[in-house]
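The residues of the chain are indexed from 1 along the displayed sequence.
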Amino acid sequence: MEDESAMQTAVSTNMAIEERPSKKPKLEYALPEGFLDPIIRPSTLVLEDNTPPSSSSMSKQFWKAGDYEPPLNNNQSISHLAGMDHLRVHPRFLHSNATSHKWALGAFAELLDNSFDEVRTGATYVNVDVLDNEIDPRNKMLLVEDNGGGMTPDKMRRCMSLGYSVKSKVANTIGQYGNGFKTSTMRLGADVLVFTRCPGEEADGSCRPTQSIGMLSYTFLMETGKEDIVVPMIDFEKRGEEWEMITKSSHADWERNKETIVHWSPYSTEERLLQQFDFLKDQGTRIIIYNLWEDEEGQLELDFDTNKDDIQIRGVNRDPKKIEMAKDYPNSRFFLTYRHSLRSYAAILYLSLPNGFRIILRGKDVNHHKITDDMMLAQKVMYKPTADGTTRNDHQNQMSTEVTLGFVKDAKDHIDVQGFNVYHKNRLIKPFWRVWNAAGSDGRGVIGVLEADFVEPAHDKQEFERTPVLSRLENRLIAIQKKYWFVRLISLAYFNLNDVDSDFSDY
């Protein structure tokens, strides 16, 4: 797990506006002279106006966008700080970092997690929607917004940094690694704007309300030939009824940051940019992702048209046969559609939702769904992990979980549905984990659910770390499923079995 000493993104407080460059012939890539030298601390960070343009346009396909080759002999100057080593992070790291999300809906889940964690600061909803881009009407934008406590300017900078997580010290929060915001937003689109409003932290009013805008733009960094990750931000503080700028260094620096954000944003004017705060009322965070990635055929990777109440993905995750089957087998619908439908995936993403908390997708609530409602002949089995498979100590005795499994109600039609939904701290990590890969039809129709807080999820929260504890869990689930299968077959008239032991107490 990354900790607070993990490398931080270079946040610029003094930058000149970059103009969109024209294309030039592609050049061979080489590290510029001095790129790996220690950086000396500047009083201000200067990005010269004559920064050369990139040698080639950035690909609009996510899996090819990392092939960018920067120009040779980039003369962009950065003042140095004496005697201190400094990690420099090239913009291409934003892309390579985001490749941890092989599945686009997994990136949405990271953003939903961030809003879900804001329940402790008063969040009652997260709203996911599709917006028009007023600069480029042909392209759409994504919105993820919640009414949680928002972020102070300092917290905003930590959010836009790499590997920093305040939540790693907060109990019962899902985000732990401090990397999910960057990987998820960059996986869905090349650019993201964050608007956040914080009502003030002190009950006596000594800390005034603040609001901030930050821009993490792969397009801006690539097309202006940047060799470090530069994140323009501007902050405001409320005094009376007016919002006044907070200057970290100088008024001129603040203006340059603002103008850079406006120039590379999807909004035509500063006024239109600042109007986004009107949606936040007293507190909250509004994330807008734009320049969304395309597939190899030049279509958006995300499908907004097939179902106006959903966001779906194209490609291999979309199986037309399963989509048709979902219409005939409603109790198997989530198994058949979660891979391509955000509405289906979001419905089972959390084991439970706090009272009053809503997930809203394209203007309609996502109805939370319990997989146990799709079961018949349900059975509960207690599982306690062990250190060596034979002995248990006091700490391990506290790490137990209840496995609920049963036949899906569509099993009578011999539909090939099976697997366990495995949650960690209320969050779905492995959907329909198929642990028993038997020949023939053995195991078919058995689904299960459990919350396994004793195994650690991987950074993308789509898998668990492969550890001995996970291997023992997998083996035990196989045994549980096998016994259930043979015990309950007679109930479904798969075979004519008699005198089968139905005692599960040894599990």
Side-chain angles (χ1 to χ4, degrees), residues 6-60 62 64-99 157 160-164 179 182-183 185-187 189-192 214-233 248-249 253 256-257 259-261 263-265 291:
M7 55 187 169
Q8 302 285 311
T9 308
V11 177
S12 167
T13 59
N14 179 15
M15 65 183 70
I17 301 176
E18 308 290 346
E19 295 299 329
R20 297 184 188 271
S22 58
K23 294 183 181 179
K24 289 191 174 183
K26 186 173 181 180
L27 301 176
E28 292 298 320
Y29 170 74
L31 283 175
E33 183 178 356
F35 178 75
L36 298 177
D37 292 347
I39 294 183
I40 310 176
R41 180 163 199 140
S43 55
T44 57
L45 182 66
V46 179
L47 301 180
E48 296 181 348
D49 290 341
N50 61 354
T51 300
S54 63
S55 58
S56 60
S57 294
M58 185 182 73
S59 174
K60 292 185 178 181
F62 174 75
K64 296 181 179 179
D67 295 338
Y68 162 82
E69 295 187 1
L72 294 172
N73 302 319
N74 191 337
N75 295 319
Q76 168 181 299
S77 69
I78 303 179
S79 310
H80 285 200
L81 58 144
M84 293 185 67
D85 289 332
H86 182 90
L87 284 173
R88 297 181 67 177
V89 183
H90 193 276
R92 277 195 296 188
F93 178 75
L94 288 177
H95 178 269
S96 60
N97 194 38
T99 59
R157 280 156 178 76
M160 306 292 262
S161 299
L162 295 173
Y164 187 99
N179 203 30
K182 280 74 64 176
T183 60
T185 53
M186 293 293 100
R187 175 61 186 86
D191 310 303
V192 59
M215 182 182 74
L216 187 59
S217 172
Y218 194 56
T219 304
F220 161 64
L221 296 170
M222 293 293 96
E223 292 196 8
T224 58
K226 295 288 180 288
E227 293 173 358
D228 289 278
I229 296 176
V230 176
V231 184
M233 297 186 191
K248 297 288 184 180
S249 54
D253 294 341
R256 279 192 285 269
N257 275 269
E259 291 168 0
T260 302
I261 292 173
H263 183 76
W264 291 89
S265 81
N291 288 329

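- Considering every non-hydrogen atom in both Ala190 and Thr219, the closest pair reads CB-OG1, 3.6 Å.
- Nearest heavy-atom pair across Pro232 and Ile261 is O-CD1, 3.7 Å.
- Taking all atoms of both residues into account, the shortest heavy-atom contact from Leu216 to Met186 is O-CE, 3.6 Å.
- Nearest heavy-atom pair across Met215 and Met160 is N-CE, 3.8 Å.
- Atom-to-atom distance recorded for Trp264:CH2 and Leu221:CG is 9.5 Å, nearest 0.5 angstrom.
- Within the model, atoms NZ of Lys248 and CG of Asp253 stand 12.5 Å from one another, a figure rounded to the nearest 0.5 Å.
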Tell me, with the steps shown, if Phe220 and Asp191 meet side-chain contact (heavy atoms from CB on, under 4.5 Å). CA-CA 8 Å; Phe220 161 64; Asp191 310 303; 5.6 Å; no
